[in-house]
Amino acid sequence: MSRIFITGSTDGLGLAAARTLMKEGHDVVLHARSRERASALADVSPTALGIVIGDLASATETRSIAEQVNAIGRMDGVIHNAGIYLERSRGETPDGHAKTLAVNVLAPYLLTAWITRPDRLIYLSSGMHRSGSSALDDIDWKKRPWNASQAYSESKLYIATLAAAVARHWPDVLSNAVDPGWVPTKMGGAGAPDDLEMGHLTQTWLAASDAGAAKVSGGYWYHRQQREEAAEVKDPGFQDALVEKLGELTGVRLFAGSE
């Protein structure tokens, strides 16, 4: 039995992953953006280990999420599932960041730094990461005209790269990125062509399976098969430049003293 925390688990892939893991007998900690959103978990919360509340667009609330998780106890695995798709505008988080960057990248970066280090980390990326730009001078979209699709693609390039960087810097942790496919969730839309079940079963498998094939690190996965990721993801120079940039934006250094 494993103890696993899943961000964004009130619906879609996160909730599906939670249901699967609980059915398999694992202890699952759920996450909701607000108490109102947590009410959607009424049918699964009685069997969950706990529910934490907080908006990932806010660094202060993200810190609270980490503290709530750590108060429950050390996790065996964390699935960074939460994400937003095509935002109409850059937006402005309480910390002044573009909302897509804050939720899809800065929040998982901060949670990785603040949650007691687990044995396994899974980060949700997307096939769209291959369209992301590797230029890091304006990742917060302060200079460029807003492009929702490009911002999303870049956020998924960054999160896949973060997963690879964690695998390189923390050899005692199994860290992987997952492309769940274009699945029929609220985010993906009813007409999405990929398999919803396979969309979440890769995450649960990597988070909890004792199978040798699942106990690897630094992979980019699609439907339980490793796929080739964008070249930047595996580039140590790009990894370190990105992590340095995220440290500048958040004021939190992830790998300080870990080398």
Legend entry - Electrostatic pair Asp137-Lys245, nearest N-O below 4.0 angstrom: no

Inset, instruction - Mind checking the OH-OG spacing from Tyr222 to Ser126? Nearest 0.5 Å is all I need. - result: 11.0 Å

Inset, instruction - Check whether any side-chain heavy atom of Leu124 sits under 4.5 Å from a side-chain heavy atom of Ile79, and report yes or no. - result: yes

Legend entry - Centroid-centroid under 6.0 Å between Tyr220 and His129 rings: yes

Inset, instruction - Would you check if there is a donor-acceptor pair between the side chains of Thr100 and Tyr85 at a distance under 3.5 Å? - result: no

Inset, instruction - First locate atom OG1 of Thr116, then atom CG of Asn70, and finally report the distance between them rounded to the nearest 0.5 Å. - result: 3.5 Å

Inset, instruction - Identify whether NZ of Lys or CZ of Arg in Arg227 sits under 6.0 Å from the centre of the six-membered ring of Trp221 and within 45° of that ring's axis. - result: no

Inset, instruction - Give a yes or no on whether Lys99 atom NZ has more than 12 heavy-atom contacts from other residues, nucleotides or ligands under 6.0 Å away. - result: no

Legend entry - Validation row: Val28, Phe5 side chains within 4.5 angstrom (heavy atoms): no

Inset, instruction - Look at the side chain of Gln68 and the backbone N and O of Ile53, then say whether any donor-acceptor pair between them is shorter than 3.5 Å. - result: yes

Legend entry - Gln239 side chain to Val233 backbone, donor-acceptor under 3.5 Å: yes

Legend entry - Positive for side-chain contact (heavy atoms from CB on, under 4.5 Å) with Tyr152, one of Leu101, Ile84, Leu157, Asn104: Asn104

Inset, instruction - For Glu244, look at atom CD and say whether over 12 heavy atoms of other residues, nucleotides or ligands are found less than 6.0 Å away. - result: no

Legend entry - side-chain contact (heavy atoms from CB on, under 4.5 Å) between Leu201 and Arg224, intermediate numbers included: CA-CA 8 Å; Leu201 289 181; Arg224 294 195 185 179; 3.9 Å; yes

Legend entry - Minimum heavy-atom distance between Ala208 and Leu21, given as atom pair plus value: CB-CD2, 3.9 Å

Legend entry - Leu86-Trp146 co-clustered via ILVMFWY side chain contacts under 4.5 Å: no

Inset, instruction - For the pair Ser9 (side chain) and Ile6 (backbone), establish whether a donor and an acceptor sit closer than 3.5 Å, ignoring hydrogens and angles. - result: yes

Inset, instruction - Begin from the C-alpha positions of Arg74 and Asp119 and carry the test salt bridge (Lys or Arg N to Asp or Glu O under 4.0 Å) through to its verdict. - result: CA-CA 10 Å; Arg74 179 181 176 273; Asp119 297 321; 2.7 Å; yes

Inset, instruction - Give the C-alpha distance, both sets of side-chain angles, the deciding distance and a yes or no for salt bridge (Lys or Arg N to Asp or Glu O under 4.0 Å) between Glu61 and Arg63. - result: CA-CA 5 Å; Glu61 293 197 35; Arg63 183 67 185 245; over 6 Å; no

Legend entry - Distance-only donor-acceptor check, side chains His223 and Thr202, under 3.5 Å: no

Inset, instruction - May I ask you to test the Arg33-Leu56 pair for a side-chain heavy-atom distance under 4.5 Å? - result: no

Inset, instruction - Would you indicate whether the side-chain heavy atoms of Ile4 and Met75 approach each other to under 4.5 Å? - result: no

Inset, instruction - Quick one: closest heavy-atom pair of Lys234 and Glu229, and the distance? - result: CE-OE1, 3.1 Å

Legend entry - Under 3.5 Å: donor-acceptor pair, side chain of Gln150, backbone of Ser131: yes

Inset, instruction - Examine the side chains of Asn81 and Thr7 and answer whether a donor and an acceptor come within less than 3.5 Å of each other. - result: no

Inset, instruction - Heavy atoms only: give me the nearest Gly83-Val103 pair and the separation to one decimal. - result: CA-CG1, 4.1 Å

Legend entry - Smallest separation among heavy atoms of Val216 and Gln226, with atom names: CG2-NE2, 4.0 Å

Inset, instruction - Measure across Pro236 and Arg168 and return the closest heavy-atom pair with its distance rounded to 0.1 Å. - result: O-NH2, 3.4 Å

Inset, instruction - May I ask you to decide if Val243's main-chain N or O and Tyr158's side chain share a donor-acceptor pair within less than 3.5 Å? - result: no

Legend entry - Min side-chain heavy-atom separation Asn176-Leu121 under 4.5 Å: no

Legend entry - Residues Glu24 and Thr20: side-chain donor-acceptor under 3.5 angstrom: no

Inset, instruction - Hey, can you tell me if Phe255 and His169 have their rings parallel, tilted or perpendicular (30° and 60° cut-offs)? - result: parallel

Legend entry - Polar contact flag, side-chain donor to acceptor under 3.5 angstrom, Thr10-Arg37: yes

Inset, instruction - Answer yes or no: is there a donor N or O on one side and an acceptor on the other, between the side chain of Asp140 and the main chain of Lys142, under 3.5 Å? - result: no

Inset, instruction - Before accepting this row, confirm whether a basic side-chain N of the pair Asp179/Arg130 lies closer than 4.0 Å to the acidic partner's carboxylate O. - result: no

Inset, instruction - Could you state whether Leu246 and Leu254 fall into the same hydrophobic cluster, counting links through intermediate Ile, Leu, Val, Met, Phe, Trp or Tyr residues with side-chain heavy atoms under 4.5 angstrom apart? - result: yes

Legend entry - From CA spacing to verdict: side-chain contact (heavy atoms from CB on, under 4.5 Å), Thr62, Glu67: CA-CA 9 Å; Thr62 299; Glu67 290 170 351; over 6 Å; no

Inset, instruction - Could you state whether Ile159 and Leu174 fall into the same hydrophobic cluster, counting links through intermediate Ile, Leu, Val, Met, Phe, Trp or Tyr residues with side-chain heavy atoms under 4.5 angstrom apart? - result: no

Legend entry - Lys/Arg-Asp/Glu bridge criterion (N-O < 4.0 Å) met for Glu154, Lys156: no

Legend entry - Within one Ile-Leu-Val-Met-Phe-Trp-Tyr cluster: Leu111 and Leu249, side-chain cutoff 4.5 Å: yes

Legend entry - Gly8 backbone acceptor or donor facing His31 side chain under 3.5 Å: yes

Inset, instruction - With the side chain counted from C-beta on, respond yes when Met128 and Ser149 share a heavy-atom pair under 4.5 Å apart, and no when they do not. - result: yes

Inset, instruction - Determine yes or no for a side-chain-to-main-chain donor-acceptor pair under 3.5 angstrom, with Asp95 supplying the side chain and His97 the backbone. - result: no

Inset, instruction - Go through the steps to decide whether Val78 and His80 satisfy the test side-chain contact (heavy atoms from CB on, under 4.5 Å), and finish with yes or no. - result: CA-CA 6 Å; Val78 174; His80 292 283; 3.6 Å; yes

Inset, instruction - List the steps, then state whether side-chain contact (heavy atoms from CB on, under 4.5 Å) holds for Ser175 with Trp170. - result: CA-CA 9 Å; Ser175 174; Trp170 291 348; over 6 Å; no

Legend entry - Donor-acceptor under 3.5 Å (Asp27 side chain, Gly50 main chain): no

Inset, instruction - Taking the side chain as every heavy atom from C-beta outward, state whether Tyr123 and Thr112 have any pair of such atoms under 4.5 Å apart. - result: yes

Legend entry - Distance (rounded to the nearest 0.5 Å) between Thr60 OG1 and Leu110 CG: 10.0 Å

Inset, instruction - Give a yes or no on whether a salt bridge exists between Arg144 and Asp138, defined as a side-chain N under 4.0 angstrom from a carboxylate O. - result: yes

Inset, instruction - Might you point out which heavy atoms bring Ala160 and Ser125 nearest each other, and give the distance in Å? - result: CB-OG, 3.7 Å

Legend entry - Note, Leu15 side chain near Leu41 side chain (heavy atom, < 4.5 Å): yes

